[in-house]
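Chain letters run A, B, ... following the sequence lines, proteins first, then strands; residues in each count from 1. Values reported hereafter were calculated over all heavy atoms of this structure, with side chains retained and with hydrogens, waters and symmetry mates removed.
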There are 2 protein chains.
Amino acid sequence: MRLKMCIHMVERNIFGAVSRMDDRLDGVDRKILAELTQNARIPVAELARKVGLSKTPVALRIRHLEEIGLITGYRAILSPLKLGLTHVTYVEVSMNDTREAALQQFNAAVRAIPEVEECYMIAGGCDYLMKVRSRDMADFRRILAEKISTLPHVGNTSSHVSMEAVVEQNFRLG
Amino acid sequence: MRLKMCIHMVERNIFGAVSRMDDRLDGVDRKILAELTQNARIPVAELARKVGLSKTPVALRIRHLEEIGLITGYRAILSPLKLGLTHVTYVEVSMNDTREAALQQFNAAVRAIPEVEECYMIAGGCDYLMKVRSRDMADFRRILAEKISTLPHVGNTSSHVSMEAVVEQNFRLG
DNA sequence: CCTGAAAAATTATTCGC
DNA sequence: GCGAATAATTTTTCAGG
């Protein structure tokens with residue numbers, strides 16, 4: 001009870017902001033995260049050997065990293081190539097209403113589109129940039145016409161097609 | 001031996017292109033992938049219950065999906081917030097040399113920068129768009145100055161700072 | 001191609017030190 | 001934090017439909 005309260009206290013600083021937790025991670029934690037980030041199914045025994053500790057503390061550290069929310073989950077990574085989903089397009093969306101309520105509506109609607117892999121609101125015009133993954137150009141056109149253009153408060157869109165994936169997804173720690 | 005040959009044959013069509021495999025996935029495979037994509041550590045027994053089969057065929061299907069390269073691995077997902085890495089910037093890079101050798105050099109160098117989470121070559125000017133994750137604006141400036149501006153054959157760059165992550169990363173199937 | 005249960009292997013947890 | 005013993009899970013195997 002007392003411990004939990006302590007953890008809560010360090011998570012929010014005096015300004016009420018969520019503080020960084022990474023500066024409390026030592027070298028071993030970093031190694032554990034680096035390994036788990038590359039192979040989520042590595043046995044604790046092997047991980048312990050790699051980081052130079054025994055199983056007990058490594059298992060405890062992993063549990064702790066999960067409990068503080070630093071590890072949010074474990075996921076299988078699929079091959080876009082084998083799925084036939086290699087067509088990547090970045091779409092810039094400009095809004096015709098940039099009031100908070102309109103943005104909230106837009107955000108919620110975007111999150112319901114599975115083809116939108118990422119979406120960020122970009123400074124300097126209150127526009128959005130989203131990454132759309134599709135089967136091919138025809139598939140993208142359909143997604144743009146049916147799902148993106150029809151999002152609430154969308155002004156116009158500008159699409160930028162990828163010719164090559166140089167870095168597909170990088171899970172390494174900064 | 002004969003089976004393997006057969007598998008090989010369906011992976012490349014008469015044009016030599018890698019063919020899609022997703023249209024050979026039945027509903028059960030899709031369910032398995034959907035689950036594993038959300039929780040890589042789900043026990044086979046529980047997965048079997050969810051998809052309505054016994055453990056044996058589910059374990060075989062998972063192994064098969066791994067062997068054909070559709071599942072490329074399992075990874076722990078970390079919280080950017082807890083890592084103190086919430087600052088996302090998209091950088092457009094235009095090249096002053098767009099010949100193939102220069103592009104190859106650039107690609108290789110980009111892949112060595114851990115802060116570059118994604119990087120795509122974009123049609124319509126042979127430019128690149130990359131997503132950079134940093135601690136804050138000061139951190140980003142350093143990365144831009146020291147790591148991105150100094151990449152081989154870079155002309156100029158244009159940075160677009162994210163104000164809000166609407167969709168951070170979407171692993172759902174298309 | 002799937003079922004269901006038994007067997008084997010691996011993995012996680014719990015101790016005293 | 002260590003290392004061994006214990007306990008729990010999971011994967012594999014196999015006969016049968």
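By the 4.0 Å N-to-carboxylate-O rule, B:D136 lies too far from B:R142 to be salt-bridged with it.
Between the CZ atom of B:R49 and the C1' atom of D:dT10 there is a distance of 16 Å, rounded to whole Å. Per the geometry, CZ belonging to A:R41 stands 16 Å off P belonging to C:dT10, to the nearest Å. Across the protein-nucleic acid pair, A:L36 atom CG and C:dT11 atom P stand 14 Å apart, rounded to whole Å. Distance OH (A:Y74) to C1' (C:dT11): 14 Å, rounded to an integer number of Å. Remark: P of C:dC2 and NE2 of B:H64 are 12 Å apart, rounded to the nearest angstrom.
Qualifying side-chain hydrogen bond (donor to acceptor under 3.5 Å, both in side chains) partners for B:R75, counting only residues two or more places apart in sequence or in other chains: none. Legend: residues meeting side-chain hydrogen bond (donor to acceptor under 3.5 Å, both in side chains) with B:N96, ordered by chain and number and at least two apart, are absent. For B:E168, the salt bridge (Lys or Arg N to Asp or Glu O under 4.0 Å) partners two or more places apart in sequence, or in a different chain, are B:R133. Remark: B:Q38 engages no residue in a side-chain hydrogen bond (donor to acceptor under 3.5 Å, both in side chains) (not counting sequence neighbours). Partners of A:K147 by side-chain hydrogen bond (donor to acceptor under 3.5 Å, both in side chains), not counting sequence neighbours, listed by chain and number: A:E115.
Near DNA chain C, meaning a heavy atom under 4.0 Å away, the residues from residues 54-63 of chain B are B:S54, B:T56, B:P57, B:R61.
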